[in-house]
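Residue indices begin at 1 and follow the sequence shown. Heavy atoms only: backbone and side chains are in, while hydrogens, waters and symmetry mates are out.
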Amino acid sequence: MTLSGASDLRVTSAAVDLLAVTDPSEIRSRLVQLGLDQTGADRCTLTSIDQGVFRVEDSIEQGGQPQFVGREYPLSYAADQPLLRDAIATGRSVTGTGFADQGRIHPELGEALRGIKHTAVVPLKLGADVGALLILSRRLDQPFRDSDLEHLGRIGNLAVLALRNARLLEGVNAAQRRGLDALTLISEHAAIIDCLPDFFGRMSSSVAGLAGARAAAYWVVHADHVSAQPDAYGFTPRQLASMSIPMAAALRGGLRRVLYGGESLRYERGSNGAESALSPIASGDTYNFLAVPWRTSEGPLGILVAYDSPTGFGEQDEWIMRLSARASALVWQSHVAERRVSELQATELGRLEAYSRRMAELERQKSNFLKLASHELRSPITILRGYLSMMTDGTLGELKPSVAETAVKMETQVGHMKDLVDQMLTAARLEDSDVPTIRSETRISIGWLNPTWI
C-alpha cells in the first residue's frame, strides 16, 4: 500500500469512528485530539461561528485544556487576524506565523498566544458555509504541511456533519422527553380533575412550564367572540376580563389561519407586521407568543397560546404545544360525550317516569271500572237469584216441568255470574291494596308420629 493510500485509509477510519459517535461533546473532544495527533501541533482548538460570534467549543494542548474553552468573542476579531479572515472568506486552509505576530489579539488570549511560531487555520464547512474552525498552533519553528491540513480538513468536514447529526439526535431525544413529560402531566391532570375549568387551569400552567413561557391561555370560540378562559395561567383577573375578541376580528388575518387552517403563528413585537395581525390576543406588555390550533375532528375549539419566552419559541415548543392542545381536545371531547350521555340518560329517565305515570293512571282507571262494574252488577244479580230461587222452591207456585228445568239452569248460570262479579271486586281491591293480606297460622297434626323421633 502506498503512503497516500495508507493516509486515506486512516482518514476513512477516523471519519467512520466520528460518524458513529452520538454525543456532541465526545465528537468535539475526538476531533481536537485527532488534530493534535494528525499534525503534531502543540495545541488544537475548535471554534464555532454562529450569530456574529466565535465560540471556543473545545481545545487541547500539552498539559491539559486551556482556560478559554467556552468563551465567546465577537466575529469582528477576525478582521484583525488575516489568517482567520482568509480562512472564513475562502473556505480553504491557511498557514502563517502566530496570531500575536500578525495583528491585534484579544487581551484574554495574550498569554496563550505568545511564543507561537506557526499557526494553521482549517475551515470546516457544512454545505457552502464555514460553520467552524480548527486552529492549530506550534511553538517549534516547523511549518505545518499542506497534506496534513488537507486530511484534517476532510475529517473535520465529516465531523461537523456528525456533530450536526448528534445535535439533531440530541434535540429529538430532548423533544421526546418533553413530550413524555407533557403526556404524563396531562394524564395526571385528567385523572384527578373532575371539573373542566380546573383541568384547563392546570393545563395552562403545565404548558407555560413546558414551553418556558411566562403565561399560557386557552382561547375558546363562542358564537360571537373568542375569549381567554378565566382560569388561564399567568394573568390577573383584570387582564383576563379584557382578553376577548369579536368574531369578526378573529376571522381576519392570522387568527383565521390558526382557527381554521391548522397553522401555528409566532408573534414578535414590532416584527414582520405581525403586530397588526395578532396583537388582539396579546396583552399590553406581551413581547412574544406562540399560538397553535386547539380543535377536534368536529371543528375548532379555539387556540392555545404561550406568552413571553425569554429565549423565543422554537420548533420543539410548537410540537409540545400542539401535543398539549391535541390531548386537551381529547379531554374536551370526553367531557362533551359524558355530558351528552348524561342528557340522554336524563331524557330517557323522564320518558320512563312519564310512561310509568301513564301506566299507573290506566291501572287506577281499570281498578275503578272493575269496582264500579262489580257494585253495579251485584244488585240485579242478587234480585235475579232471589226470584229464580222462589221459582225453583215453589214459592211462586208450581211450574211446568220445562219451565222448572229452565229455572234451575238459569239459577246455576246466575250463580256463576255472581262468582265472576265477586272475583272482579276482589281483584280490584287487591290492586288498590285495599284488601290486606290475611296471615293465618296453619297447624299440621303429627300425632301419628312416634314422639321419640322428634
Side-chain angles (χ1 to χ4, degrees), residues 170-222 226-245 255 258-259 262-268 278 281-283 285-297 300-339:
E170 194 175 57
V172 169
N173 291 335
Q176 289 177 342
R177 288 193 296 270
R178 293 178 68 187
L180 290 174
D181 290 342
L183 289 175
T184 301
L185 286 172
I186 292 166
S187 63
E188 289 175 353
H189 295 336
I192 64 175
I193 301 297
D194 295 327
C195 176
L196 197 61
D198 288 344
F199 171 80
F200 285 108
R202 296 202 178 197
M203 279 298 303
S204 298
S205 174
S206 297
V207 167
L210 291 167
R214 176 190 60 81
Y218 285 86
W219 287 68
V220 184
V221 173
H222 302 281
V226 181
S227 63
Q229 287 190 315
D231 50 353
Y233 173 78
F235 294 99
T236 65
R238 183 175 181 181
Q239 289 174 319
L240 288 171
S242 63
M243 293 171 66
S244 179
I245 312 167
L255 293 184
V258 177
L259 286 171
E263 297 182 17
S264 63
L265 289 175
R266 289 178 175 82
Y267 170 94
E268 295 288 344
L278 297 177
I281 58 174
S283 60
D285 58 349
T286 297
Y287 56 86
N288 65 14
F289 67 68
L290 172 62
V292 299
W294 174 39
R295 58 185 297 119
T296 67
S297 58
L301 299 174
I303 55 177
L304 173 58
V305 189
Y307 296 84
D308 298 335
S309 169
T311 59
F313 295 103
E315 293 183 1
Q316 282 193 25
D317 299 314
E318 178 182 336
W319 182 75
I320 288 295
M321 288 184 60
R322 283 184 178 273
L323 178 65
S324 300
R326 180 68 60 86
S328 302
L330 292 176
V331 173
W332 178 276
Q333 282 185 306
S334 175
H335 170 75
V336 171
E338 289 178 359
R339 186 176 60 188

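- For Arg214 against Gly234, the heavy-atom pair with the smallest separation is NH1-O, 3.2 Å.
- The distance from the CG atom of Asp317 to the OG1 atom of Thr311 is 7.0 Å, given to the nearest 0.5 Å.
- Phe313 meets the ring pair (Phe, Tyr, Trp, His ring centres under 6.0 Å) test with no other residue; sequence neighbours excluded.
- Across all non-hydrogen atoms, the minimal contact from Leu240 to Ala232 is CD2-CB, 3.7 Å.
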Checking side-chain contact (heavy atoms from CB on, under 4.5 Å) for the pair Leu255/Val226: CA distance, chi angles, key distance, verdict?
CA-CA 10 Å; Leu255 293 184; Val226 181; over 6 Å; no
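- Annotation: cation-pi geometry not satisfied between Arg202 and Tyr233 (NZ/CZ under 6.0 angstrom from ring centroid, within 45° of ring axis).
- Closest of all the heavy-atom pairs between Ser324 and Leu304 is CB-CD2, 4.3 Å.
- The shortest heavy-atom contact between Pro293 and Val258 is CB-O, 3.2 Å.
- Between the CD atom in Glu263 and the CD1 atom in Ile303 there is a gap of 13.0 Å [rounded to 0.5 Å].
- A distance of 11.0 Å separates NE2 in His222 from CD1 in Ile245, rounded to the nearest 0.5 Å.
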In sequence, state the C-alpha distance, the side-chain angles, and the governing distance for Tyr218 and Asp231, and then conclude on side-chain contact (heavy atoms from CB on, under 4.5 Å).
CA-CA 9 Å; Tyr218 285 86; Asp231 50 353; over 6 Å; no
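- In this structure, Ser309 OG and Tyr287 OH are separated by 6.5 Å, a value rounded to the nearest 0.5 Å.
- Looking at Arg266, its side chain does come within 3.5 Å of a backbone N or O of Gly314 through a donor-acceptor pair.
- Taking each heavy atom of Val207 and Ala216 in turn, the nearest pair found is CG1-CB, 4.1 Å.
- Taking the side chain to side chain donor-acceptor pair (under 3.5 Å) definition, one finds that Ser264 meets it with Glu318, sequence neighbours left out.
- Of the possible donor and acceptor atoms, one in the side chain of Asn288 sits under 3.5 Å from a partner among the backbone N and O of Asp308.
- In this structure, Thr286 OG1 and Phe235 CZ are separated by 6.0 Å, a value rounded to the nearest 0.5 Å.
- Counting all heavy atoms, side chain and backbone alike, Met321 lies closest to Val305 at CE-C, 4.0 Å.
- Between the Arg322 side chain and the Val292 main chain, no donor and acceptor come within less than 3.5 Å of each other.
- Remark: Arg326 pairs with no residue by the salt bridge (Lys or Arg N to Asp or Glu O under 4.0 Å) rule, at least two apart or across chains.
- Ring geometry, Tyr267 versus Phe289: the interplanar angle falls under 30°, so the pair is classed parallel (tilted spans 30 to 60°).
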